[in-house]
Student: 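Attaching a single structure in structure tokens format; questions to follow.
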Amino acid sequence: MTFSICVRERYTGEEGADRTRFGVAVTTRLPAVGTLCPFASENGAIATQSLVNVELGRKGIEYVDDGLAIEDALTALLNADDGAENRQLHGIDADGTFTFSGEECNGWYGHESGENYTVAGNLLTGESVVAETARAYRESRDEDRPLARRLIDALAAGQAEGGDKREELHVQSAALLVETTETAETDGRDPYYNDLRVDATETPIADLREAYSLASEGFDAAVERYEAARDADERDE
């Protein structure tokens, strides 16, 4: 019912320290995918889909946060899941990747993993949806743009290839999460840029892109207002 991408990026933070960010983005021809599929923390990103078992994502991130390697964490969860062959699960942590597509997922289904990313989908028009999502992300990695924007572009590339094949389902949704090893004090954009959902629409990617743009605009306006008030207070002292 879905296609999604999980990524890891290492970068230099504003204070000059080495940092890592993790992102996950997903879209489907059903409402409210953001409540079910994407999970992320400063230690990894996971997407759980097909016949969704939310606990695979929730517990998977908990295990990764506790220090378990993502392959060990997700393999253990799948081994304990009686419905594993109906699941599609993939993700990434600081050191590795994991991909799984159960044999009872609905076609077209499959996954791809590469350097610092995983992509998976089911009920798609074809393999090219996953391939184009991955290609768009790979080609954006060296760009000086926020990860959230580039994840939206990756979803758009997959959607342009056909995306979810169930054209009779007009209500769609999309979501993204980005988490970093920077604290809120050094990355104040988190609430505005990096946790966005479009729960019910006929144009999920376009609406997610608009939500990002409005969040950016709103954040800039809030920062400008805060700084003006702070400067005024300092002048009054």
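Note that the structure is predicted; figures quoted are calculated from it, not measured. Every heavy atom of this structure was used, including side-chain atoms; hydrogens, water molecules and symmetry mates were not.
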Student: For a side chain to side chain donor-acceptor pair (under 3.5 Å) check, start with the C-alpha distance between Glu127 and Tyr109, then their side-chain angles and the critical distance, and finish with the verdict.
Tutor: CA-CA 7 Å; Glu127 183 178 1; Tyr109 72 86; over 6 Å; no

Student: Salt-bridge test for Glu62 and Arg58: reply yes if a basic N is under 4.0 Å from a carboxylate O, no otherwise.
Tutor: no

Student: For Tyr117, is the NZ or CZ atom of Arg8 found under 6.0 angstrom from the centre of its six-membered ring and inside 45 degrees of the ring axis?
Tutor: no

Student: Are Glu55 and Arg87 ion-paired here, with the side-chain N under 4.0 Å from a carboxylate O?
Tutor: no

Student: I'd like to know if the side chain of Arg10 reaches the main chain of Arg21, judged simply by a donor and an acceptor atom lying under 3.5 Å from each other, with no hydrogens or angles considered.
Tutor: no

Student: Checking Gln49 against Ser4: is there a side-chain donor and acceptor pair closer than 3.5 Å?
Tutor: yes

Student: For the pair Thr118 (side chain) and Gly114 (backbone), establish whether a donor and an acceptor sit closer than 3.5 Å, ignoring hydrogens and angles.
Tutor: no

Student: Using a distance-only test with no angle check, is there a side-chain donor-acceptor pair under 3.5 angstrom linking Glu161 and Ser128?
Tutor: yes

Student: Can you tell me if Asp82 has over 12 outside heavy atoms packed within less than 6.0 Å of its CG?
Tutor: no

Student: Donor-acceptor pair, distance only, cut-off 3.5 Å: does the side chain of Thr181 make one with the backbone of Thr20?
Tutor: yes

Student: Using a distance-only test with no angle check, is there a side-chain donor-acceptor pair under 3.5 angstrom linking Asp199 and Ser173?
Tutor: no

Student: Report yes or no: do Phe22 and Leu147 belong to one cluster of Ile/Leu/Val/Met/Phe/Trp/Tyr joined by side chain heavy-atom distances under 4.5 Å?
Tutor: no

Student: Quick one, Val64 with Leu68, criterion side chain to side chain contact (heavy atoms under 4.5 Å, CB included). Give me CA distance, side-chain angles, the key distance, then yes/no.
Tutor: CA-CA 5 Å; Val64 169; Leu68 200 61; 5.9 Å; no

Student: Given side chain to side chain contact (heavy atoms under 4.5 Å, CB included), test Leu155 with Leu151 step by step and report yes or no.
Tutor: CA-CA 6 Å; Leu155 290 183; Leu151 289 175; 5.9 Å; no

Student: State the CG-CG distance between Leu208 and Leu176, to the nearest 0.5 angstrom.
Tutor: 5.0 Å

Student: To the nearest 0.5 Å, what is the distance between CG (Leu123) and CZ (Phe3)?
Tutor: 12.5 Å

Student: To the closest 0.5 Å, what do you measure between CD1 (Ile70) and CZ (Phe98)?
Tutor: 8.5 Å

Student: Run through Arg19, Arg150, Arg145 and flag the one making a salt bridge (Lys or Arg N to Asp or Glu O under 4.0 Å) with Glu9.
Tutor: Arg150

Student: To the nearest 0.5 Å, what is the distance between CG (Asp207) and OG1 (Thr27)?
Tutor: 10.0 Å

Student: Testing the 3.5 Å rule here: is there a donor-acceptor pair between the side chains of His90 and Thr99?
Tutor: no

Student: Check whether any side-chain N or O of Thr35 sits under 3.5 Å from a backbone N or O of Ala32 as a donor-acceptor pair, and report yes or no.
Tutor: yes

Student: May I ask you to test the Glu71-Thr97 pair for a side-chain heavy-atom distance under 4.5 Å?
Tutor: no

Student: Asp81 side chain to Leu77 main-chain N or O, any donor-acceptor pair under 3.5 Å?
Tutor: no

Student: If you define the side chain from C-beta out and look only at heavy atoms, does anything of Ser140 sit under 4.5 Å from Glu143?
Tutor: yes

Student: Is there a side-chain contact between Leu36 and Thr48, using heavy atoms and a 4.5 Å cut-off?
Tutor: no

Student: Is there a donor in the side chain of Tyr212 and an acceptor in the side chain of Glu217, or the other way round, less than 3.5 Å apart?
Tutor: no

Student: Any sub-3.5 Å donor-acceptor pair from Asp93's side-chain atoms to Asn43's backbone N or O?
Tutor: no

Student: In the single-linkage hydrophobic clustering (I, L, V, M, F, W, Y; side-chain heavy atoms under 4.5 Å), do Leu89 and Val54 co-cluster?
Tutor: yes

Student: Is it possible for you to say whether Val24 and Leu124 belong to one hydrophobic cluster, with membership spreading through side-chain heavy-atom contacts below 4.5 Å?
Tutor: no

Student: Once rounded to the nearest 0.5 Å, what's the spacing between atom OG1 of Thr201 and atom CD of Gln172?
Tutor: 7.5 Å

Student: Quick one: do Val7 and Asn116 satisfy side chain to side chain contact (heavy atoms under 4.5 Å, CB included)? Show the steps, please.
Tutor: CA-CA 6 Å; Val7 307; Asn116 299 322; over 6 Å; no

Student: When rounded to the nearest 0.5 angstrom, what is the spacing between CD in Glu104 and CD in Gln88?
Tutor: 13.5 Å

Student: Looking only at side-chain N and O atoms, does Ser50 offer a donor or acceptor that is under 3.5 Å from a partner on Asn86?
Tutor: no

Student: With a 3.5 Å distance limit and no angle check, can you tell me whether Lys165 reaches the backbone of Gly107 through a side-chain donor-acceptor pair?
Tutor: yes

Student: Could you go through Leu74 and Tyr63, starting from their C-alpha distance and side-chain angles, then the distance that decides it, and tell me whether this counts as side chain to side chain contact (heavy atoms under 4.5 Å, CB included)?
Tutor: CA-CA 9 Å; Leu74 298 188; Tyr63 290 170; over 6 Å; no

